[in-house]
2 protein chains.
Amino acid sequence: MSDQLTSREGTRERIVEAARELFFEQGYNATGMSQILNRAEANSGSLYHFFQTKEDLLVAVLEKYKLMLCPMVIEPAKQRASDPVDRLFAILMGYRMLLEATEFRLGCPIGNLALELSNSHPRARQLIEENFEGWVGEVRAIVDEVSDRLPEGMDAECVATLLLSAMEGGVMLARTYRSLEPFDRTVHAVRLMFDQLVRGGSEWSAPLTATSTP
Amino acid sequence: MSDQLTSREGTRERIVEAARELFFEQGYNATGMSQILNRAEANSGSLYHFFQTKEDLLVAVLEKYKLMLCPMVIEPAKQRASDPVDRLFAILMGYRMLLEATEFRLGCPIGNLALELSNSHPRARQLIEENFEGWVGEVRAIVDEVSDRLPEGMDAECVATLLLSAMEGGVMLARTYRSLEPFDRTVHAVRLMFDQLVRGGSEWSAPLTATSTP
DNA sequence: CACTAAGTTGAGTGATCGATCAACTTTAGC
DNA sequence: GCTAAAGTTGATCGATCACTCAACTTAGTG
């Protein structure tokens, strides 16, 4: 049988993917190696042939996330909207859709690992930072398209950072409350402030401010 | 020796406090019972006399956090500022001070546990929700004092939720980057938007917007 | 003081943790 | 087709996990 994807690096990828899913669902410390092996349908010897320690596997997972940012987060959102500001909120809506589809179990995998591991795993912390940096970079590039409309004292980096913070906080609250309400309130508040901020932008408008432009 | 605080419920409190500190520093799953016993200077039998399981101990920690909100977070911030809007940002500055004092190791203990345990520990999730609810309630009460200045479509609940989300996200980024910059950028963006929003408030102003009012 | 309940001691439980290893099979290059 | 490297197998390792328990000490009550 020509299972060239199953063997020959196929095992390694199955292990990384299984670990990624389980770290996402349960966290790093709560996930055992045996659990990963079960889901990957591999044996411990295979795993430790590719990864010397559990932390090395975590590093591989975080490297994979860096590659997943654009195809899984940024590009789909860009497909769903054309206006720059709409694209920013389309990115946030991506996380909302995932929360809804998983009954508030899955939000942002990087955020989970950030709080769990930043103190104890320096290599992971560095890679988490790089993941955040990638996210902010992509978002800032979109904000840059309308940066001429930003008020004094506010630059694209600042706006992108706020969007990331608000997203991570909103996801945290949604998962805790098992409800989209706190997430929606957060996004709504940001959007309304955006309205005031980038006044005179395109004709997008926040849901509850019907007629704010003259 | 009259160690009436050491024995007679003193042991229980020492155990809860040790667990609280360690869960804060390392997370729930990464903290072992033996570690808690060492820091509390207690034996396992004493611990399991008061708490049947590790999760029961976690519940006690979360109950304690509910009692700590006002004396440790809200009241000190109110002491440091008198204007309602200033008080809101004084609360955020409290987290900033903790981040700075601990070299970005400690941020919000509830946020840590929220992401780690919301999926797997229903009782903890409920108590974490109650902790967030307490925070939002206190902050909303402050926002209510200036709610007449909020624009259409924005209520105090919405503003309080945004402040919580932004704080949690900002703390997450500061701990990951080991820097106050992302936290400060987040708070700065919120404050600038606040400026636009609650225009005509008191004379507080965001650092980088020197002359925006006519 | 006697009695009981509350609290404490710390060795010990089985289970599971991350990790190891020698034996074995498959693949790639010549 | 032979050889060496790469990959796989699964039993097994010691350490640590959350947790138990019988014996013991202390505190509260009549």
Side-chain angles (χ1 to χ4, degrees), chain A residues 1-23 25-62 113 116-117 119-124, chain B residues 1-23 25-62 113 116-117 119-124:
Chain A
M1 309 303 273
S2 59
D3 267 352
Q4 292 193 339
L5 274 180
T6 297
S7 49
R8 170 93 155 276
E9 293 296 295
T11 301
R12 194 193 129 103
E13 178 51 31
R14 265 179 11 251
I15 290 170
V16 173
E17 176 61 16
R20 188 191 67 79
E21 294 171 10
L22 287 163
F23 292 165
E25 297 165 11
Q26 317 183 20
Y28 177 75
N29 287 304
T31 299
M33 299 300 265
S34 61
Q35 232 180 331
I36 297 171
L37 294 171
N38 280 339
R39 185 171 297 201
E41 293 180 285
N43 297 100
S44 62
S46 292
L47 195 158
Y48 284 98
H49 172 72
F50 294 109
F51 308 101
Q52 290 194 343
T53 67
K54 188 184 183 185
E55 189 180 11
D56 287 332
L57 177 54
L58 170 65
V59 165
V61 167
L62 288 168
L113 298 173
E116 186 179 2
L117 305 173
N119 284 353
S120 51
H121 294 68
R123 283 201 301 159
Chain B
M1 309 302 274
S2 59
D3 268 351
Q4 290 192 340
L5 275 179
T6 297
S7 50
R8 169 93 154 279
E9 292 297 295
T11 301
R12 194 194 128 102
E13 178 50 31
R14 262 175 17 246
I15 290 170
V16 173
E17 176 61 17
R20 188 192 66 80
E21 294 172 11
L22 286 164
F23 292 165
E25 296 165 11
Q26 316 183 5
Y28 177 76
N29 286 305
T31 298
M33 298 301 265
S34 61
Q35 232 179 330
I36 296 172
L37 294 171
N38 280 338
R39 185 170 298 200
E41 294 180 286
N43 297 100
S44 62
S46 291
L47 194 157
Y48 284 97
H49 172 73
F50 293 110
F51 308 101
Q52 289 194 345
T53 67
K54 188 183 182 184
E55 189 180 10
D56 287 333
L57 177 53
L58 170 66
V59 164
V61 166
L62 288 167
L113 298 173
E116 186 178 2
L117 305 172
N119 283 352
S120 51
H121 292 67
R123 283 198 303 158

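Per chain, numbering begins at 1; letters A, B, ... match sequence-line order.
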(message) Under the side-chain hydrogen bond (donor to acceptor under 3.5 Å, both in side chains) definition, can you give me all pairs with a residue in residues 41-53 of chain B, not counting sequence neighbours?
(response) B:Thr53-B:Asp56
Rounded to the nearest angstrom, tell me the gap between atom [atom1] in [X] and atom [atom2] in [N].
X	N	atom1	atom2	answer
A:Leu57	C:dC17	CG	C1'	15 Å
A:Glu13	D:dG7	CD	C1'	16 Å
A:Lys54	C:dA19	NZ	P	8 Å
A:Asn29	D:dC17	CG	P	11 Å
A:Gln52	C:dC21	CD	C1'	15 Å

(message) I need the residues from residues 32-49 of chain B with at least one non-hydrogen atom less than 4.0 Å from DNA chain D; give them sorted by number, or say none.
(response) B:Gly32, B:Met33, B:Ser34, B:Ser44, B:Gly45, B:Tyr48
(request) Please list all pairs passing the salt bridge (charged side-chain N to carboxylate O under 4.0 Å, His left out) test where one or both residues lie in residues 44-55 of chain B, with sequence neighbours left out. (result) none
(message) Side-chain N or O of B:Thr53 versus OP1/OP2 of D:dA18: is the shortest distance under 4.0 Å?
(response) no
(request) Report the residues that fulfil side-chain contact (heavy atoms from CB on, under 4.5 Å) with A:Gln26, sequence neighbours left out, ordered by chain and then residue number. (result) A:Leu22, A:Ala30, A:Thr31, A:Gln35
(message) Going by the rule ring pair (Phe, Tyr, Trp, His ring centres under 6.0 Å), which residues pair with A:Phe23 if we only count those two or more places apart in sequence or in a different chain?
(response) A:Tyr28
(request) List in numerical order all residues of residues 15-22 of chain A for which some heavy atom is under 4.0 Å away from an atom belonging to DNA chain C. (result) none
(request) Could you grab the distance from atom CG of A:Leu37 to atom CD1 of A:Ile15, nearest 0.5 Å is fine? (result) 6.5 Å
(request) Output the distance between atom CD1 (A:Ile36) and atom CZ (A:Arg20), rounded to the nearest 0.5 Å. (result) 12.5 Å
(message) I'd like to check A:Glu25 versus B:Asn119 (side-chain heavy atoms, cut-off strictly below 4.5 Å). Are they in contact?
(response) no
(message) Quick check: do B:Phe50 and B:Val16 have side-chain heavy atoms less than 4.5 Å from each other?
(response) no
